[in-house]
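Quick note: numbers below take in every heavy atom, side chains included, and nothing from hydrogens, waters or symmetry partners. Proteins come first, then strands; the chains are lettered A, B, ... in the order of their sequence lines, and each starts at number 1.
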Amino acid sequence: MFSKRSLCIAGVLVGTVMLGGVFSGCGDDTKSNEIKIGANFELTGNVANYGSATFDGLQLAIDEANEAGGVNGKKIVLVKADSKSEASEAANAATKLISDDKVKVLVGPATTASVLAESQIATDNKVPVIAPCATSPKVTVDNGAVKPFIFRSCFIDPLQGDVMATFATKTLNAKTAVIYIDSSSDYSKSLGQVFKEKFEAAGGKVLMEEAFLQKDQDFKATLTKLKTANADVIFVPAYYEEVGKIVKQARELGIMQPILGTDGWDDTKVVDIAGAAALNNTFFSSHYSDQDKDVQSFIDAFKKKYDHAPNVFAALGYDAGKMLIDAIKRAGSDDPEKIQKAIEETKDLQVGTGKITMDKDHNPIKSAVILEMKDGVKVLKEKITPQA
Amino acid sequence: MDFMQQLVQQLINGISLGSIYALIALGYTMIYGIIKLINFAHGDIYMVGAYIGYFSITMAHLSIVPSLIISMVVTGLLGMLIERLAYKPLRHAPRISVLITAIGVSFFLEYTSMYFVSPTPRTFPAVFDNIAYHFGPFIINGQQMLIFGITFILMVALTYIVQRTKIGKAMRAVSFDTETAQLMGIDANRIISITFGIGSALAAAGGVLVGVYYNSIDPLMGIMPGLKAFVAAVLGGIGILPGAMVGGLILGVIEALVSGFVSSTFRDAAAFAILILVLLFKPSGIFGKNTREKV
């Protein structure tokens, strides 16, 4: 590794501000009253609703910190980049934020595939990443080894698959299930797998497993086949665009069983596409419910700033921001490696949706809620807090 | 549900999907028939049609039929404009230049629309009371009936134009031999332009119907159906109108049957396997005659 002295020289020569904290002692104090944070989000494209809502939540947390006098006497500045909802663009945006904008920490993108695309770049440059809502286990752990610089501020897929399998067997008394996944999404595939394991471990039987591709329009052929299984529940872990169409087409074919899903469902577009009536008798797991009394202070602050109610992604973006600010405070520096250490040590931190503690795999331990759709409105059905 | 019931339900699903493929495939095949060009921008013209339909429904508050007509007319004019600007200057250029231009036009349409309407998918408003009709165990809904009905009307109208009108006669003549047709006093450029117009209008109808049926449209929605319709056109015999209609329906039904009885993950593979098999064993397609190309 480089010594502090050689870094100073290199720093002066190259004029980089990337490791500003380290060589602030040798006279490089340009903009030392600011800490730059890269916000790499899906601001346009297929899942733009996720990305921009998460960004709004993050912005709120940062603004609150800056209004309270900043962090360690410095102002936090968010540098925005658009990943256009594509993994390759997410990688480009991360490279740009790290090498051109010299950010200390990256937050985002929202979806698993985009975070995976960015993670190698961040690791190579030793810049910590906080993924606010990427739920695949692969985000922080690769082949059994924890990626040192990658963190998340939400729970992981196995927990959602587990929660929904428990819900299906305990609350709905389901004995049989069919699984319909998006085979172009890591998120969907890993959820399908965990649901199957847990559902069968609880004594249930998975009768059929089918798949579709992102951007598919017609699901009727496969749904007609799934209908023949006549299972007690249908599990569709996917994103809102396709979920809306699947639920609509399933009900049109006369499939009236409960359809279960995960946090990818949590968007009002689902109601626009599927229609409120078709969505009755559907349940999905999510990170937060606005009917939960613990989150009211966050909701009030968000409404004051944006004039509309936050969705779950905004809440997760806010949690990520809270976690980041706490880590920078405890690190006492804007050195990315010190921030990384501090994030690892996050414990019993109060964020928007509850308390979080970082586990050894860089996954926070956090509660999950199950929501039911009733005439197009989400109703809190259960809140499940996992054991630490 | 027993096997027969499932089969019939899958045929209903397949025919509604296939009708859309057929509408797009007709445009491919007409344009190929007349100037031997695979117009790869055709799927994107279908997308533009869907957006024009969307805006006439949401902003002008029109009902489905007037929106469909407006979309067909405007998209038809757009097709003619594209032909005039992009393909006409290349009339005597090598075929590969025109093909590459078509790919360029395709990207141009995709990303220009993305700039103007944003890449975020839009939800088509419910313009049509969607009632499900139960025939014993089978279910057909109003939207599927609408698709069958409009596709049928358009196909009859197209057949009438091509077979019974003067313009249709001129189209067939230009398709058969452009130079001789010109010698007989036919304005070939005008006929080519009209062919682009009609082909694009049919794609626009497909776009609006897809918007109504599946509820969601986006600027890249034309890529996959465009490729599938190309497969359908080749399957039926490219350049032959009944071929495109039958090819589209067959492809839709095959996709539904593969998803229903084999595995949903093989659906796209089956569609493209058909393309490869047709090209290997009967490149002229179902309706094509085996003729040697003049050199």
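Heavy atoms closer than 4.5 Å to chain B are found in the side chain of Lys248(A), but not in its backbone. Residue contact with chain B, scored on non-hydrogen atoms closer than 4.5 Å, involves the side chain of Ala48(A) exclusively. For a residue to count as touching a neighbouring chain, one of its non-hydrogen atoms must lie under 4.5 Å from one of that chain's; by this rule Val210(B) touches chain A with the side chain only. Both the backbone and the side chain of Glu252(A) come within less than 4.5 Å of a heavy atom of chain B. Residue contact with chain A, scored on non-hydrogen atoms closer than 4.5 Å, involves the backbone and the side chain of Tyr213(B) alike. Residue contact with chain A, scored on non-hydrogen atoms closer than 4.5 Å, involves the backbone of Val262(B) exclusively. Residue contact with chain A, scored on non-hydrogen atoms closer than 4.5 Å, is absent for Ser118(B).
Between the NZ atom of Lys215(A) and the CE atom of Met221(B) there is a distance of 9.0 Å, given to the nearest 0.5 Å. Annotation: the span from Ile217(B) atom CD1 to Gln217(A) atom CD amounts to 9.5 Å, rounded to 0.5 Å. Gln9(B) CD to Lys227(A) NZ: the interatomic distance, rounded to the nearest 0.5 Å, is 6.5 Å.
Most heavy-atom pairs under 4.5 Å with chain B: of the set Thr44(A), Asp216(A), Asp218(A), this distinction falls to Asp218(A). Taking Glu241(A), Lys84(A), Met208(A) one by one and counting their heavy-atom pairs under 4.5 Å with chain B, the maximum is reached by Glu241(A). The choice from Leu257(B), Val258(B), Asp218(B) that makes the most heavy-atom pairs within less than 4.5 Å of chain A is Asp218(B). Taking Ala256(B), Ser259(B), Ser264(B), Pro119(B) one by one and counting their heavy-atom pairs under 4.5 Å with chain A, the maximum is reached by Ser264(B). For the options Thr123(B), Thr120(B), Ile20(B), heavy-atom pairs under 4.5 Å to chain A are most numerous at Thr123(B).
Heavy-atom neighbours of Phe266(B) CZ from other residues, nucleotides or ligands within 6.0 Å: at or below the threshold of 12. At most 12 non-hydrogen atoms from other residues, nucleotides or ligands lie less than 6.0 angstrom from CZ of Phe108(B). When the shell of 6.0 Å around CZ of Phe272(B) is examined, it contains more than 12 heavy atoms from other residues, nucleotides or ligands.
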After noting the C-alpha distance and the side-chain angles of Tyr214(B) and Gln249(A), does the key distance pass the side chain to side chain contact (heavy atoms under 4.5 Å, CB included) rule? CA-CA 8 Å; Tyr214(B) 298 127; Gln249(A) 294 177 23; 3.3 Å; yes
Pair Arg267(B)-Thr222(A), side chain to side chain contact (heavy atoms under 4.5 Å, CB included): steps then yes or no: CA-CA 10 Å; Arg267(B) 188 201 52 205; Thr222(A) 312; 5.7 Å; no
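In this structure, Lys220(A) and Asn141(B) have side chains that are in contact, with non-hydrogen atoms separated by less than 4.5 Å. Using a 4.5 Å heavy-atom threshold, the side chains of Thr265(B) and Leu213(A) count as separate.
For the residue pair Thr224(A)/Gln6(B), the side-chain donor-acceptor check at 3.5 Å is not satisfied.
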